[in-house]
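Some notes on the structure that comes next.
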Amino acid sequence: MINFDNSATSWPKPLRVRKAAAEAMVRYGGNPGRSGHRLSIETAEAVYRARQTAAGFFGAETENTVFTLNCTHALNLAIKGIAGSSGHIIISNLEHNSVARPVHALSKSGGEYDIAEIDHDDNVTLGNFERLIRPDTKAVVCTLGSNVTGRITPCKIIGELCRRNGICFIADGAQACGVIDIKLSQGINILCTAGHKSLYGPPGTGLLLSDGSFPIAPLMEGGTGSTSLELDQPDFMPDCLESGTVNTCGVIALGEGIRFVSDMGTDRIFTHETALCKRFIDGVKGLDNVVIYRDKGRYLPIVSFNIKNLTSNETASMLSDAGYALRGGLHCSGLAHKAIGTAPEGTVRFSPSVFSTTAEVDGLIKAVKKISAAAHKRS
């Protein structure tokens, strides 16, 4: 099976990541930060090295780098930890449900939110956000790149808008981190991302990185290994947001995944994957009944398409039978599909990885052509 569903979870993983995970299961069996014996100390040191690696990669302070279960967990920590149960939040119309649902849930308990449209003109996009700002606006939450189409949003100017207005800018980097260069210095106050996508870590890993400008109230309380005589949750990072034992093996392997991306370079990764997307688009765009969902603007290496006379899930199923893993449907992003006019049917998503090859893409093109020809006969 050839995986072109890397936007959901990258696979295969680099050899060094697989080795790190295996070694962690054998060597790092202690509970980090919970005991003074050697096993615990060595495990804590390994987790700290991974924390340092993540912090350095995104330009954060080590203590402001929090390990989470996934990007959804990180976004919930950030959104609810900043907004509380009141105040106003602005999100974009391309947001994943990991943003849209927490914000909508807050609106049921006293909060409010508005949705800004992402336009192909960055200045228009900026105006769309700016006109929604209110005196009680606590945060702007925006994806750095759509998980449906790959559309890259103008995070730098949105971050500058937030800075001028004293508003926290929370960025969803699930699709962008590891593919393009992302730093907190680009105007981001809180960056949330997945470990298991383009950072090539294992499932069950994610990150929240803060520049320290806005305190984040904890979403849950519990054991941290620090201030244990106090019933109040620690008020310092990362302890305040890391209750309970972290995913030690996953964290250590994630650190190796980030080192892999750093060694290869995001520019090289982006160039390779973008070339594969272009090859795919060029290979199918001449087919009358294939629709590609791209407009003006900049894109991550993600392509959404449909074959007329077939649902997206039918197309994805047929491609699976041919040996290619692509995702059909709504991709947990109803807002984005409404924005591009593909709700409620959704699209088929093609998302290569650093390990994908031109030969694999050429094989996919042939499979799409075959399915397209069969679908055309239905009409």
If you count the non-hydrogen atoms of other residues, nucleotides and ligands that lie under 6.0 Å from CD in E221, is the total more than 12? yes

Value rounded to 0.5 Å, distance of CG in L335 from CD in E117: 12.0 Å

Residues S351 and N6: side-chain donor-acceptor under 3.5 angstrom: no

Evaluate L300 against I152 for side chain to side chain contact (heavy atoms under 4.5 Å, CB included), listing each step before the verdict. CA-CA 6 Å; L300 297 172; I152 297 174; 3.8 Å; yes

Decide whether H196 and N70 meet the rule of one side-chain donor and one side-chain acceptor closer than 3.5 Å. no

Quick one: does K138's side chain have a donor or acceptor within less than 3.5 Å of a partner on A83's backbone? yes

Tell me which one of L191, V66, N64, I170 satisfies side chain to side chain contact (heavy atoms under 4.5 Å, CB included) with L208. V66

OG1/T224 to CZ/R34 distance, rounded to the nearest 0.5 angstrom? 6.5 Å

Is the backbone N or O of F270 less than 3.5 Å from a side-chain atom of T274, with the two atoms forming a donor-acceptor pair by type? yes

If you round to the nearest 0.5 Å, how far is CD1 of I180 from OG1 of T266? 8.0 Å

Salt-bridged, D295 to R151, with N to O below 4.0 Å? no

Check whether the side chains of N31 and S40 place a donor and an acceptor atom closer than 3.5 Å, and report yes or no. no

Report the distance from atom CZ of R101 to atom CG of L75, rounding to the nearest 0.5 Å. 13.5 Å

If you compare all heavy atoms of A50 against all heavy atoms of F67, which two are closest, and at what distance to 0.1 Å? C-CZ, 3.9 Å

Hey, quick one: are V179 and I188 part of the same hydrophobic cluster, counting side-chain heavy atoms closer than 4.5 Å, chains of contacts allowed? yes

Assess the side chains of Q175 and S7: does a donor N or O sit below 3.5 Å from an acceptor N or O? yes

The single option from F4, F280, F350, Y293 passing ring-ring contact (aromatic ring centres under 6.0 Å, His included) against F305: F280

SB check E242 R51 (cutoff 4.0 Å): yes

Hey, what do you get for CD1 (I302) to CZ (R349), rounding to the nearest 0.5 Å? 6.0 Å

Nearest-0.5 Å distance that lies between atom CD1 in I41 and atom NE2 in H37: 8.5 Å

T65 and A55: which non-hydrogen atoms are nearest, and at how many Å? OG1-CB, 3.3 Å

Taking every heavy atom of I307 against every heavy atom of V290, the minimum-distance pair comes out as CG1-CG2, 4.1 Å

Taking Q233 for its side chain and G222 for its backbone only, find out whether a donor-acceptor pair lies under 3.5 Å. yes

Should the ring pair Y200 and F260 be called parallel, tilted or perpendicular, given that the plane angle runs from 0 to 90° and is split at 30 and 60? perpendicular

According to the interplanar angle, ranging from 0 to 90°, do the rings of H104 and Y113 count as parallel (below 30°), tilted (30 to 60°) or perpendicular (above 60°)? perpendicular

Think K183 forms a cation-pi with F57, using NZ or CZ under 6.0 Å from the six-ring centre and within 45 degrees of its axis? yes

List the steps and the verdict of side chain to side chain contact (heavy atoms under 4.5 Å, CB included) for D172 and L144. CA-CA 6 Å; D172 176 1; L144 299 180; over 6 Å; no

For residues D119 and T125, is any side-chain donor paired with an opposing acceptor at under 3.5 Å? no

Distance-minimising heavy-atom pair for G255 and T53: O-CG2, 3.7 Å

Please check this pair: side chain of K197 against backbone of A8, looking for a donor-acceptor N/O pair closer than 3.5 Å. yes

Closer than 4.0 angstrom, basic N to acidic O: yes or no for D263 and R268? no

More than 12 heavy atoms of other residues, nucleotides or ligands under 6.0 Å from CG of D288: is that the case? no

Under the ring-ring contact (aromatic ring centres under 6.0 Å, His included) criterion, do H96 and H331 qualify, and how do the steps go? CA-CA 8 Å; H96 190 277; H331 311 97; 9.7 Å; no

So that I can tick it off, tell me whether D362 and K366 are bridged by a salt bridge, with the cut-off set at under 4.0 angstrom between side-chain N and carboxylate O. no

Side chain to side chain donor-acceptor pair (under 3.5 Å), that's the test. Do T311 and N313 meet it? Break it down for me. CA-CA 5 Å; T311 68; N313 285 320; 5.4 Å; no

What is the minimum heavy-atom distance between S353 and L276, and which atoms define it? O-CD1, 4.4 Å

Do S317 and E314 have side-chain N/O donor and acceptor atoms under 3.5 Å apart? no

Residues S333 and E95: closest non-hydrogen pair is OG-O, 3.2 Å

Return yes if a side-chain donor-acceptor contact under 3.5 Å exists between N3 and Y324, otherwise no. no

